[in-house]
Amino acid sequence: MFTLLALTIIIHTMIPSIPSSLLNPDALLFLLEHKVVVISLLWCATVALVVAYLSTRPLPVLLLDYTCFKPDHDRRCSLEVCEYVGLRSRRFSPSSEEFMRAIYRKSGLGDETYAPLFLFQTDYGAQFRHALLEAEEGMFSSVASLLAKTAVEPSRITVLIVACSMFAPSPSFSSLIVHRFKLAPSVKTFNLAGMGCSAGTMSIELAAKILRRRVGYALIVVTESTSLNWYFGDNRHMLVTNCIFRAGTAAALVTSDPSRLGAAKMELVRTLRTHHGADDAAYNAAVQMEDEDGNVGVALTKDLVRVAGAGLKGHISTLAPQVLPVSELLRYVYNVTRSFMAGDRKAVHVPDFTKAFEHMCIHAGGKAVIDAVGKIMRFDHGVTEPARMCLHRFGNTSSSLVFYELAYFEAKGRIKKGDRVWMLAFGTGFKACSVAWRALRDSGMDPDNPWKECIHRYPVV
């Protein structure tokens with residue numbers, strides 16, 4: 001308003017002083033005789049431009065809060081439990097049992113990860129029923145806890161996004177949540193499947209694209225069905241999933257309501273998704289399939305780590321100019337130019353992403369993947385610590401793993417107001433997805449933080 005008032009005064013004082021040689025005499029006469037009309041038109045035009053800008057400017061996307069599901073203690077899956085289940089099922093050959101034992105011991109998983117209810121019963125043919133129970137248990141618990149801690153009524157939710165890669169029943173999971181929590185009839189629902197471990201970050205990107213144009217609340221629920229994809233066979237590429245994937249679910253509430261800025265934990269800064277499925281090796285790196293005997297499972301090929309590395313390199317080449325400070329970009333260009341001028345064209349230079357982010361939730365898909373990311377990005381042990389600890393405590397929970405890592409940072413009290421947080425996840429297909437946040441307040445230990453009872457024991461060696 002002060003700007004518009006100043007503009008009016010300036011125009012009012014300038015019109016009589018404009019040299020007549022610069023204006024048509026008739027136009028000058030009209031301006032002098034109708035100054036009030038001209039000023040009114042200019043005022044209205046300026047106001048219209050300001051209103052148009054404010055109405056088309058993207059709204060801020062805020063992370064109000066999130067919740068990670070933590071199963072009961074009797075669902076813990078240690079090496080001993082895995083061995084017992086394998087022997088009791090009588091579906092694995094001795095060589096397959098020995099292979100899984102070896103994979104488990106070097107997987108980076110601890111003895112406190114959680115297995116689905118399906119694994120603790122004797123009817124291994126009832127996978128569908130237990131897959132539905134597994135999903136309901138995780139989703140209902142997470143959403144109920146999230147709505148309670150944010151004090152947001154279900155009727156206020158305008159967008160619902162549910163992601164589960166390996167299980168898509170009918171009615172859909174989104175319909176299941178609408179029915180359970182009595183969401184409004186006008187809610188826009190989305191059900192994502194087949195996206196792999198990147199579904200959590202992709203759901204955030206989808207919610208942001210919707211919320212930036214209209215004030216609303218988006219409920220994001222990410223889970224995975226380990227029950228339906230527990231593999232009973234002897235294909236070693238498919239046996240690996242039994243050793244690293246574990247039960248886990250997360251729910252997050254995102255809003256574009258500016259009035260909730262004071263209550264939000266973080267503000268979304270940027271998202272990026274790159275798809276490398278045009279390459280045969282990338283497309284076939286992780287595939288759900290049947291083995292020779294008709295047993296269904298997910299096969300992880302030996303190319304997975306190499307594909308993840310190649311996908312990461314392509315991804316960061318797009319992300320770097322968008323997030324890195326100019327000084328770091330100039331340093332990178334200088335190093336590349338110097339190597340080129342020296343004739344060393346094989347030298348590999350990587351920008352320092354710690355200059356762009358204080359905290360990083362790296363894809364905790366497995367020990368080999370974490371090591372590969374650390375090597376490519378030249379991260380020290382401290383940067384990859386949250387990913388390694390998340391893998392040790394909860395295993396690979398698929399699309400929800402980045403939220404368990406974020407909970408680790410908060411449990412440690414490391415995130416301070418203004419800090420930047422990078423979520424990086426990979427998905428089948430092959431996809432890489434990044435989400436960048438800016439903290440709006442210092443982090444702390446929430447009552448429902450999944451690390452609450454064990455954070456004092458981490459990090460472990």
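Predicted model only: the values in this text are computed from it and were never measured. If you read the sequence from its start, that first residue is 1, and numbering goes on from there.
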Sidechain N-carboxylate O distance under 4.0 Å for R331, E328:
yes
Testing S400, P450, S145 one by one against C68 for a side chain to side chain contact (heavy atoms under 4.5 Å, CB included), which residue passes?
P450
Gap between atom CD1 of I103 and atom SG of C82 - 0.5 Å precision:
12.5 Å
Testing the 3.5 Å rule here: is there a donor-acceptor pair between the side chains of R393 and Y408?
no
Would you mind checking if E98 and R101 are paired as a salt bridge, meaning a charged N to carboxylate O distance below 4.0 Å?
yes
Within a reach of under 6.0 Å around NZ of K367, are more than 12 heavy atoms found that belong to other residues, nucleotides or ligands?
no
Inspect the surroundings of CZ in R88 and state if more than 12 heavy atoms from other residues, nucleotides or ligands are less than 6.0 Å away.
yes
With a 3.5 Å cut-off and no angle check, do the side chains of N229 and Q288 form a donor-acceptor pair?
yes
Between R180 and F140, is NZ or CZ placed under 6.0 angstrom from the six-membered ring centre and within 45° of the ring axis?
yes
Got a sec, which residues hit ring-ring contact (aromatic ring centres under 6.0 Å, His included) with Y404, two or more places apart in sequence or on another chain?
F394
Answer whether the closest heavy-atom distance between the side chains of C390 and W451 falls below 4.5 Å.
yes
Is atom NE2 of H381 surrounded by more than 12 heavy atoms (other residues, nucleotides or ligands) closer than 6.0 Å?
no
Go through the side-chain N and O atoms of E134 and S227 and say whether any donor and acceptor fall under 3.5 Å apart.
yes
Do T158 and V187 have side chains that get closer than 4.5 Å, going by heavy atoms?
no
To the nearest 0.5 Å, tell me how far I244 CD1 sits from L239 CG.
12.0 Å
Looking at H392 versus Y458, is the centre-to-centre ring distance below 6.0 Å?
yes
Please indicate whether D280 has more than 12 foreign heavy atoms, meaning atoms of other residues, nucleotides or ligands, lying under 6.0 Å from its CG.
no
Is it true that the NZ or CZ of R75 lies under 6.0 Å from the centre of Y114's six-membered ring and within 45 degrees of the ring axis?
no
Side-chain heavy-atom pair V61, E267 within 4.5 angstrom cut-off
no
For a side-chain contact (heavy atoms from CB on, under 4.5 Å) check, start with the C-alpha distance between T113 and R76, then their side-chain angles and the critical distance, and finish with the verdict.
CA-CA 5 Å; T113 60; R76 287 184 176 178; over 6 Å; no
In this structure, CZ of R457 is separated from CD of E453 (nearest 0.5 Å) by 9.5 Å
Between F232, W230, Y231, which is the residue that forms a ring-ring contact (aromatic ring centres under 6.0 Å, His included) with F92?
F232
F120 atom CZ: more than 12 heavy-atom contacts under 6.0 Å:
yes
Do S339 and H349 meet the criterion of a side-chain donor-acceptor pair at a distance under 3.5 Å?
yes
Beyond-backbone contact of E97 with E83, side-chain heavy atoms, under 4.5 angstrom:
no
Would T201 and S198 count as having a side-chain donor-acceptor pair, cut-off 3.5 Å?
no
K188 versus L160: any side-chain heavy-atom pair under 4.5 Å?
no
Pair D65-L253, side-chain contact (heavy atoms from CB on, under 4.5 Å): steps then yes or no:
CA-CA 6 Å; D65 219 321; L253 193 59; 5.8 Å; no
State the CE-OG1 distance between M166 and T223, to the nearest 0.5 angstrom.
13.0 Å
I need the minimum non-hydrogen distance between P258 and V215, along with the two atoms involved.
CD-CG2, 4.4 Å
Would you give the length of the straight line joining atom OG1 of T354 to atom CG of L324, rounded to the nearest 0.5 angstrom?
9.5 Å
Can you measure from OG1 (T150) to NZ (K265) and round to the nearest 0.5 angstrom?
11.0 Å
Side chain to side chain donor-acceptor pair (under 3.5 Å) pairs, two or more places apart, involving residues 416-427
E358-R420, H359-D419, W422-S434
Can H315 and S317 be counted as having a side-chain donor-acceptor contact under 3.5 angstrom?
no
Does atom CD of E153 have more than 12 heavy-atom neighbours, drawn from other residues, nucleotides or ligands, at distances under 6.0 Å?
no
Exactly one of L261, L211, L268 should register a side chain to side chain contact (heavy atoms under 4.5 Å, CB included) with L62. Which one does?
L261
Walk me through it: do C164 and E224 pass the test side-chain contact (heavy atoms from CB on, under 4.5 Å)?
CA-CA 5 Å; C164 182; E224 193 52 88; 3.8 Å; yes
Is the closest side-chain donor-acceptor distance between S93 and S96 under 3.5 Å?
yes
Tell me whether the centres of the aromatic rings in F379 and F353 are closer together than 6.0 Å.
no
Go through the steps to decide whether I220 and V254 satisfy the test side-chain contact (heavy atoms from CB on, under 4.5 Å), and finish with yes or no.
CA-CA 8 Å; I220 299 171; V254 182; 3.9 Å; yes
